[in-house]
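Because the structure is predicted, anything quoted here is derived from the model rather than measured. Order of appearance sets the numbers: ligands from 1, and atoms from 1 within every ligand.
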Amino acid sequence: MHWASLASLALVAPSHALIRFGCSQLVVDRLDPLVQPGDVPAAHLHQIIGGNSFVPDMRPAIHDPAAMSTCTTCQPADDFSNYWTASLYFRARNGTYKRVMQKPNVGFEGQKGGMTVYYMQNQLADYQQEAKVTAFQPGFRMIVGSPTATTKAEADKFPQLSYTCLQDMGTRFPEFKAFPKEFCPAGVMVNIRFPTCWNGVDLDSPDHMAHMAYPASGTFESQGPCPASHPKRMPQLMYEVIYETAPFNDPELWPEDGSQPFVYSFGDATGYGNHGDYIFGWKDDSLQKIMDEECYVGCSSMKTQSVEAMNSCSVPRMVDEEIGDEGWISALPGHGQMNATLAVKPRAFRG
Ligand SMILES: *[C@@H]1O[C@H](CO)[C@@H](O)[C@H](O)[C@H]1NC(C)=O
Ligand SMILES: *[C@@H]1O[C@H](CO)[C@@H](O)[C@H](O)[C@H]1NC(C)=O
């Protein structure tokens, strides 16, 4: 389905809120404030968008993104959250690597790399968006997916992480759990949907996942009920990350054994290790206000800023290393470690 048609339909079917917006790249750096707070460098390279207060240590006791950011790379002017995923690399036949750049979705031309973010009350194609949700609270953070997943069975524990092989920029189906094994003419889109049921108490948990859960039966899309342990229905947060793989779509460059050449910054060439990270940082109750509005995509209570303003917000890289943006690099940054210190440091996580 093409977004142009969704957006025009939206105009005639006003209801509760679904927001979809672009965010430019804030920085690409080997930092991981959730899994390795304070560590410079962290295990593997990430691409990060959102508020410019992004730093290696963002524990809620010492860090408030909405108060500390002075700009954001996201279209909503009140959103100082940080959103990130691992970076993607192309591995050449000779074993060297180049980073695969990101590109904006249709309708967000001019945005510098980055990704597209959604907050939904009901499934994407439901123009009514009437189901009630509670917005995330200050201090809230979460992760979905696991970099150590190397099999489909492990990846299936996270039902809504997937890939779309873009034939053109409007392709949305089918979705795959692993990296596509053939050329994708318009790029590879990574779809990251977070769980939607909150335990209503903890802003975080030691694995950054246990405070959230999937519906007890059915899905978010079918409005399946939340489990008793996690009764609060939250917005579905979703990322679309589009990698510009076209420059590498040359049979002379692809592996000769029929495998595919893309590999995550943590060394995963299957794609099963797909994961996304989120630190909430909307100003005051701006997200709840939007979620309570009757709107679809064009939500008037969402204050927006220009693409120029989004693109002019950035932070310098802290880890001084070659990341394969110019020349080829002989190894992934940090040698593509999955977790280095998942020997989780006990930290205060209750905000
Ligand atoms: C490795 O392969 C890439 C892509 O084919 C090529 O551009 C690069 O020059 C090669 N590097 C070396 C050291 O052979
Ligand atoms: C860290 O990654 C290694 C694989 O590199 C894996 O064997 C190990 O179980 C992981 N540790 C944790 C705590 O996930």
> When I49 is tested against each of S81, C23, C313 for side-chain contact (heavy atoms from CB on, under 4.5 Å), which residue passes?
Replying inline: C23
>> If you count every heavy atom of other residues, nucleotides or ligands that lies below 6.0 Å from N94 atom CG, does the total exceed 12?
In response: yes
>> Whether the T72 and D79 side chains hold a donor-acceptor pair (N or O, under 3.5 Å, no angle test) is what I'd like checked.
In response: no
> Which residue, K98, K103, R99, forms the salt bridge (charged side-chain N to carboxylate O under 4.0 Å, His left out) with E244?
Replying inline: K103
>> Is it the case that the side chains of E240 and Y118 hold a donor-acceptor pair, with the cut-off being a distance below 3.5 Å and no angle test?
In response: yes
> Residues two or more places apart in sequence or in another chain: which of them pass side-chain contact (heavy atoms from CB on, under 4.5 Å) with K232?
Replying inline: T134, W198, M234
> Taking any residue with a non-hydrogen atom under 4.0 angstrom from an atom of ligand 1, which ones do you get?
Replying inline: A92, N94, T96, L253, W328
